[in-house]
Amino acid sequence: MSRYNAREVEPKWQKVWENAQAFRTRNDSPKPKYYVLEMFPYPSGKIHIGHGRNYVMGDVVARFKRAMGFNVLHPMGWDAFGLPAENAAMEQKIDPAKWTYANIATMKAQLKVLGLSLDWSREFATCDPGYYKHQQKLFLDFYRLGLAHRKESYVNWDPIDHTVLANEQVIDGRGWRSGAEVEQRKLTQWFFRVSDMAEELLSALDDLPRWPEKVRTMQRNWIGKSEGANVMFALTNSPIPSLEIFTTRPDTLFGASFCAVAADHPLAQAIAKNNADAAAFIAECKHLGTSAAEIEKAEKKGFDTGARAKHPFIAGRDLPVYIANFVLMEYGLGAIFGCPAHDQRDLDFARQYQLPIRPVVIPSSEKADEFMVGTEAYVGDGRLENSDFLNGLSVDDAKRSIIDRLEKMGIGKRTITYRLRDWGVSRQRFWGCPIPMIHCGKCGVVPVPEKDLPVKLPTDATFDQPGNALDHHPTWKHVDCPQCKGKARRETDTMDTFVDSAWYFARFADPTAEAPVNREAVDYWLPVDQYIGGIEHAILHLLYARWFTRAMKLGGYTKASEPFAGLFTQGMITHETYKDPDGKSLFPEEVEKRDGVAIKRGTNVAVTIGATEKMSKSLKNVVPPEVIADSYGVDAARWFLMSDSPPERDSEWSEAGIEGAWRYVQRVWRTVNEAAETLPALGAPMPAKFNPSATALRQATHRTIAAVTSDLEQFRFNKGVARLYEFAKAIESFEPATADDHWALREALESWIMLISPMMPHLAEEAWQLLGSKTLVVDAAWPKADPDLTRQDTVTIAIQIDGKRRAEIEMPKDSAAKAVETAVLDVDAVRKAIDGRKIKKVIIVPNRIANVVMEQSGV
RNA sequence: GCCCUCUUGGCGGAACUGGUAGACGCAACGGACUUAAAAUCCGUUGUUCGAAAGGACGUGCCGGUUCGAGUCCGGCAGAGGGCACCA
């Protein structure tokens, strides 16, 4: 018998599927719809098997749902705008479009090797004018609806390269190319009004039960709803008479020892006008860049403005007013009061500037006059002390009470604040979707007329200087004003690439639509039933897509509010890293292992095995799918990717693992081959009776069907794979003697092939054919488990004495508790363990466990 | 710094809603088949005490709740993801 030859078999079936247009999806099917989508890739160059896991997972779901009778949409496209293309343009003098489309061609070929059940007829790239034209139309609609507007905000500015930097291009506060200290610079930019929908985006999370709880928690925290109060402080020695602050802890007002404002707060700006030191400090704050992580990690610093804030309740207590580097203008009012005893940042700040620390919330276990705050602020609940009319109240009661009082006095009010900010979509870059706006000296900001869309990127831009090539282009931005026909200037900012990915899933419903979406198609397909992607997108991409879908709804494009009904976040694929003696990284294919020692292939040079890390180009620990396809076949790779690790966790790619999978491929092939000739004809009628061993096989078959079906429904691919290993054993150890036995064997084999088919589709087709079928597995229905054969009649009940397992007993399923107790107490080992002691009680958990609890003998 | 998650044998992991910890796979070891190798098949494999029967310990660490905790609660440690211009 010949071996299974994946290298021949796999391309053969891929061709068959393609010729049959097996995965082409209709928008008008009578079947129920199921939309499965993996986050589309950025065409960075090549995919590795780590990307493969994401697509294979989606493919398993797609094939499984198809067999279950759904009209499945499983499309693929390219998130094609982004920084790497521009970097390549600068470094290699290659046109970003050429670079991008070349990468797409390479990666598409690689994806095809994986044998994915994709409807390639719906493919598009976000850098196609045919796609971004519609994005520009949506932008104009959002502008008309007041969802897009302009305002000032800060960017990272490189003063040497005269260019705006992304956060990842700022390294230790310096520009990655120039090394210059980065400054914050104010620009007028386009924003989407995301914060207006904060409450809706927050409350609707409760209606997404098929999202991981942790992602919903992260989004909730990101939106960051907090209830608190705005409080007005009267100022002395200040250019402005009063300061309004926001606090979530008004209850700690009596413990206040300072106020602080952000560097760009009007008070700070006003003081800096006549105070060079203040201006210098503000300038220093601006050198931190715009990244929140940088700002928060930096040492807490402040500048005493000399202004004093009057405490609203304590006569004579004047609080110093600082400009502080940890207060953000974007959150609340850009001004706070500090209570060091009950807030960690305030405490760090107070220690540095020797400000008083006054505890006002005392933990219930402590005495008010003894309670001290050391290096950690006390942020828990307790009772209020040293707080006049709040004394004795809990934190919550104190908040209510003091806000009521502040409101009555007219110097404060109850406020709800969200951390969520508007979405800044302007990017000072070439390789993105042009913002379809025109700036006219007379008419101001004028939208590009719809008939002039798309505003296309020029094809002759040059990248010999840093900065926005669109802005540098000699002619592109010069245009006549659509209103007054006078000379005007195009907007040279392009859109954030998160905009591209905020609606691509809707375009897949009908990528040929004249409008951004085909209303009928999008209403049929949305929401996506199962979205699959990395946890790294848990907040931004998913939140933006949720907002964008609502904005499209307001524009009349869809009835859906939520884009993704089900979400699964998969873990990453990791691999060992290798370094040669010079410390240079090596690709896995450059390394061979001899007697457990790693050596550079074809040499005697020793290789150091480094940490196991997420597969990435920079570490070179990547395995390309076509290499695996050539050696083990893509089915083995798909099987391995779905086995072992639970899909939400990281998983290590190893040579041993793929070999194990490959052995299973051979095993399936051999078993089907050996049995094929003895089997009854396809579709032979079921015998009326089976002997016990055939019945046992049939039970294994139907139990496996039931288990694997539920495992796949629940994304527990690794468990499904484990059950299919067990089932293989059951089939192999079965020795058919009669014709009826062979019927049971055929049933087992057919079921087996169907159950492995989502994971190993090529092998399944080949084996299916071997069993005599003239139709394709991709057109076959998923097997159904017969409840009569999955039922369990007896159960094993574990017996514990005082919670420790001592014996077990077989009982009929659902035996009465009394009967179980009697049987348990009659077991020899139990009697011996009891040893004449007194039984306190017997706990019976039906079908599971019996625990005999003894009286404690006095010690 | 802040938010979120994870931690179970030599390794990846299983254990349904608090009810027999270690399914299944990998690796290792022993054996069968073979002139030999490959392939395949069978067996053993958490640690420890014991000749065995059997016992003790054991799910990152410390503590708690419970008849019973990998699972729930509090604290600690380590690893990972995100922090708004990487995608």
Side-chain angles (χ1 to χ4, degrees), chain A residues 3 39-42 44 79 81-84 155-156 164-170 189 194 212-215 217-222 224 290-300 326 330 344-345 348 419-429 496-498 500-501 534-541 543-544 569 571-572 574 614 640 643-646 648-652 654 656-657 659-661 663-664 666-667 670 710 716 718-719 721-726 729 732 796-808 840-843 845-854:
Chain A
R3 279 192 151 195
M39 290 180 185
F40 67 161
Y42 178 78
S44 57
D79 188 13
F81 278 134
L83 269 184
V155 293
N156 297 310
V164 177
L165 299 176
N167 280 338
E168 71 157 8
Q169 297 173 321
V170 179
Q189 310 197 71
V194 171
E213 189 54 51
K214 68 169 166 179
V215 174
T217 305
M218 279 192 265
Q219 292 223 346
R220 266 183 213 115
N221 290 336
W222 185 257
T290 61
S291 148
E294 287 293 329
I295 291 168
E296 298 222 16
K297 257 188 284 185
E299 192 190 350
K300 311 272 172 292
F326 63 91
E330 290 83 19
Q344 193 60 44
R345 279 191 306 198
D348 296 344
R419 213 183 67 99
L420 183 67
R421 309 201 297 253
D422 281 340
W423 175 11
V425 295
S426 292
R427 295 292 180 271
Q428 295 70 41
R429 310 198 190 291
D496 178 10
T497 57
F498 273 125
D500 311 336
S501 55
I535 185 69
E536 67 272 20
H537 292 296
I539 297 175
L540 291 180
H541 162 60
L543 191 68
Y544 290 151
T569 53
M572 288 167 300
T574 61
K614 164 181 162 182
F640 175 46
S643 64
D644 289 355
S645 294
E648 67 276 13
R649 264 209 237 168
D650 287 357
S651 173
E652 188 180 353
S654 69
E659 276 175 22
R663 275 201 291 273
Y664 189 73
Q666 296 295 340
R667 207 166 143 194
R670 202 173 349 100
S710 113
R716 305 167 83 128
N718 56 324
K719 281 183 66 189
V721 164
R723 292 185 209 276
L724 287 165
Y725 273 111
E726 279 178 289
K729 234 182 243 172
E732 285 160 352
T796 309
I797 291 172
I799 303 172
Q800 296 181 336
I801 311 288
D802 282 332
K804 295 201 175 197
R805 197 181 74 92
R806 293 293 177 210
E808 57 185 43
K840 193 168 158 197
K841 60 177 163 178
V842 180
I843 293 159
V845 181
N847 300 325
R848 282 189 187 280
I849 208 162
N851 190 7
V852 184
V853 185
M854 312 303 297

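Naming: A, B, ... by sequence-line order, numbering from 1 per chain.
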Between protein and nucleotides 64-68 of chain B, what N or O pairs are separated by less than 3.5 Å?
unit_1 : atom_1 : unit_2   : atom_2 : d
B:rC67 : O2     : A:Asn851 : ND2    : 2.5

Salt bridge (Lys or Arg N to Asp or Glu O under 4.0 Å) against A:Glu732, all qualifying residues, sequence neighbours excluded: A:Arg667
Tell me every residue that passes ring pair (Phe, Tyr, Trp, His ring centres under 6.0 Å) with A:Tyr664, counting only those two or more places apart in sequence or in another chain. A:Trp639, A:Tyr725
Who passes salt bridge (Lys or Arg N to Asp or Glu O under 4.0 Å) against A:Glu213, sequence neighbours left out? A:Arg216, A:Arg220
Just the table, please: protein N/O against nucleotides 69-79 of chain B N/O, every pair under 3.5 Å.
none

Within the sub-3.5 Å range, which N or O atoms of nucleotides 57-59 of chain B have a protein N or O partner, and how far apart are they?
unit_1 : atom_1 : unit_2   : atom_2 : d
B:rC57 : OP2    : A:Lys804 : NZ     : 3.0

Listed by chain and number, what are the side-chain contact (heavy atoms from CB on, under 4.5 Å) partners of A:Asp644, not counting sequence neighbours? A:Phe640
Sequence neighbours left out, what passes side-chain hydrogen bond (donor to acceptor under 3.5 Å, both in side chains) with A:Asn847? Give chain and number order. A:Asp814
Sorted by chain and number, sequence neighbours left out, ring pair (Phe, Tyr, Trp, His ring centres under 6.0 Å) with A:Trp222 holds for none
Partner residues of A:Phe498 under the ring pair (Phe, Tyr, Trp, His ring centres under 6.0 Å) criterion, sequence neighbours left out: A:Tyr544
Reckon A:Thr217 has a side-chain N or O less than 4.0 Å from the OP1 or OP2 of B:rC4? no
Identify all pairs in which a protein N or O lies below 3.5 Å from an N or O of nucleotides 6-9 of chain B, and state each distance.
unit_1 : atom_1 : unit_2   : atom_2 : d
B:rU7  : OP1    : A:Arg649 : NH2    : 3.1

Partners passing salt bridge (Lys or Arg N to Asp or Glu O under 4.0 Å) against A:Glu330 (at least two apart in sequence or in another chain): none
